[in-house]
Amino acid sequence: MKDINNLLQQKSNLLLKISSLPLNLFPYLVFSLIIKQNTTINVLPFALFYAFRRTTLFLFKGGENEDNVIGWFGLLAALLGYFLGIFGIFLPALYCISASLAGIGAACFPSVQKQIAIQSDYHPSKNDLFAYFGAILILLATVVFVEPHLPAISFIAMLIYTLIAILGFKYSPFRAHSREIVLQWQNVWLTLGLLLAILLIREGWNSGKDIFSIFGIIVSTVVVISYLIKLALSQKHGKLSRKMQYRLTIAGLCQDFTTIFSAVYISVLFGAKNYYWLFVIILIASFIKRPLLKTLREYLPFDDFTIQSWGIVLGLVITLFRPTYFAGIFLIRIFYSLQNTDTLDLIRDHVDTNIYMINYRFRTAGGFLTQLILWGGLLLFNGPHIFEQIFNYHINKSVMNSSQPLFLTHLILVLFIISFTIYTLKLNKGNKNE
């Protein structure tokens, strides 16, 4: 038994790395495929997962001694969520509960896992990388090829990867053991506001009454704007400069562009079954991003942040052309991920709370901005029926009235993120150590 415990301690970082990506991003794929499987619940699980993933951490203060409780809270929520999802085929409402709990897990655990990876200074060996990519590919193949026929198998697979995360977390020598937790119930309005907006929009497309969808958009807009104002006025960022705040926000803009906008774009123009290519891209990008940056340093006379910023811009431009859309997403994923990691390294000594909480706040702000432009643009150019048309596409293979609303929204979104990225780049041309 002692030998097993020692082995688990030695491999805890690998176990945490293997499970982090599945718990963080794979639910997007799992619940997008559920949309195809069940017309009764439609897109609600996907939306619930997003809402809880984006808001759960705001319920915690995020002090360094809270990591242990936050990590276990996320893992146990995910464990229960994926267990309930197994039985969703018999009771579709369980998919909604499963998605909500999975969202909690995706918000809490990966953030704590990254903190452990930083503290342990973990650099995976070649054998660890081989095990990591093998494990992710097995899960990806299981979800993509088995879920359309046996949805329960995907939830069993996610349950197994959650158990792997629990083992890695339990035996990690770098896990804090404090039971301290400080709840911030005043932030629960953020989650409740998004849930209300989601339910109103769903009622709109279910009943055919546009007024519900319009009210849903209004509620979500109020929530997003209120959050952005609250973040701008907050004093919880220590000595974090405006330029660093914007750098963190870029990651949120790009993350929701590559996941949520891609879910709409790929479903409408390529078919929902091709959404899994996004996860193949994420996997490849995580493998080559550092070697690629090292190569670019040798040939380009620019600093890393400049290379990363223009890499994001290039990727965004490429996505405007349908044949190169996935190539653009590939570039965006590589460079925003690198940029976010480097920014966190820079600000580590300039904030008073855990950096993952600071990162979460500004990534959420960026994500909300992307969502606001995405749904606002589609609503403006195509009307309230846009939701019904997009979500029905997964099931009935219907299309929007025209690809023009999607293209116009895409163009506005790309121009906004490019403008924000270039402005942040110019802002960072000042004191680079700030």
Side-chain angles (χ1 to χ4, degrees), residues 18-50 53 77-103 105-106 132-165 202 205-206 258-260 262-284 326 329 388-399:
I18 286 174
S19 55
S20 180
L21 183 64
L23 295 185
N24 190 16
L25 291 179
F26 266 70
Y28 282 121
L29 180 60
V30 171
F31 292 110
S32 72
L33 292 174
I34 289 299
I35 297 172
K36 291 181 63 181
Q37 297 297 322
N38 195 299
T39 58
T40 303
I41 57 170
N42 215 316
V43 78
L44 189 55
F46 188 93
L48 288 172
F49 169 75
Y50 177 84
R53 183 179 183 272
L79 189 70
L80 178 59
Y82 294 122
F83 175 75
L84 293 176
I86 296 172
F87 307 100
I89 192 69
F90 305 109
L91 184 60
L94 289 177
Y95 284 138
C96 297
I97 300 174
S98 173
S100 301
L101 293 170
Y132 168 70
F133 287 109
I136 300 300
L137 286 173
I138 290 172
L139 177 60
L140 182 62
T142 301
V143 173
V144 171
F145 298 111
V146 179
E147 180 167 346
H149 309 288
L150 294 170
I153 298 299
S154 286
F155 288 93
I156 293 174
M158 292 298 294
L159 192 66
I160 291 171
Y161 279 71
T162 304
L163 291 171
I164 291 174
R202 180 174 182 265
W205 76 62
N206 278 348
T258 57
T259 52
I260 305 301
S262 288
V264 175
Y265 186 92
I266 294 170
S267 296
V268 172
L269 298 182
F270 295 99
K273 64 181 181 180
N274 290 305
Y275 189 49
Y276 76 90
W277 283 108
L278 177 66
F279 295 85
V280 175
I281 286 172
I282 291 173
L283 185 61
I284 297 173
F326 285 103
I329 293 296
E388 182 180 358
Q389 291 169 2
I390 290 174
F391 301 137
N392 280 344
Y393 182 87
H394 287 266
I395 301 162
N396 302 322
K397 304 299 182 186
S398 64
V399 294

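For the numbers below, each heavy atom of this structure counts, side chains included, while hydrogens, waters and symmetry mates do not. Since this is a predicted model, take the numbers as computed values, not measurements.
Two residues are said to be in side-chain contact when any heavy atoms from C-beta on lie closer than 4.5 Å; Met158 and Ile86 fail this criterion. Put simply, the side chain of Leu140 reaches to within 4.5 Å of the side chain of Leu29, judged on heavy atoms. Side-chain atoms of Ser98 and Phe31, non-hydrogen and from C-beta on, do get closer than 4.5 Å to each other. Contact of the Tyr276 side chain with the Val143 side chain is not registered, since no non-hydrogen atoms from C-beta on lie closer than 4.5 Å. Contact check for Phe83 versus Leu101: no side-chain heavy atoms found under the 4.5 Å cut-off. Residues Phe326 and Ile266 form a side-chain contact, since some pair of their non-hydrogen atoms from C-beta on lies under 4.5 Å apart.
Atom CD1 of Ile136 sits about 8.5 Å away from atom CZ of Phe133, to the nearest 0.5 Å. A distance of 10.0 Å separates CG in Leu23 from CG in Leu79, rounded to the nearest 0.5 Å. Atom CZ of Phe26 and atom CD1 of Ile282 lie 8.0 Å apart (nearest 0.5 Å). For the atom pair OG (Ser19) and CG (Leu139), the distance works out to 11.0 Å, reported to the nearest 0.5 Å. The CG atom of Leu278 sits 11.5 Å away from the CG atom of Leu283 when rounded to the nearest 0.5 Å. Note: Trp277 CH2 to Phe270 CZ = 12.0 Å, rounded to the nearest 0.5 Å.
Between the side chain of Arg53 and the backbone N or O of Leu25 there is no donor-acceptor pair closer than 3.5 Å. With Tyr28 contributing its side chain and Phe46 its backbone, the two residues share no donor-acceptor pair below 3.5 Å. Counting only distance, with no hydrogens or angles, the side chain of Tyr161 and the backbone of Ala135 share a donor-acceptor pair below 3.5 Å. Side-chain atoms of Tyr95 come within 3.5 Å of backbone atoms of Ile89 as a donor-acceptor pair (strictly under, hydrogens ignored).
Closest of all the heavy-atom pairs between Pro22 and Pro27 is O-CD, 3.1 Å. For Ala102 against Tyr82, the heavy-atom pair with the smallest separation is CB-OH, 3.6 Å.
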Check the pair Leu21, Tyr132 against side chain to side chain contact (heavy atoms under 4.5 Å, CB included), reporting the backbone distance first and the verdict last.
CA-CA 10 Å; Leu21 183 64; Tyr132 168 70; 3.7 Å; yes
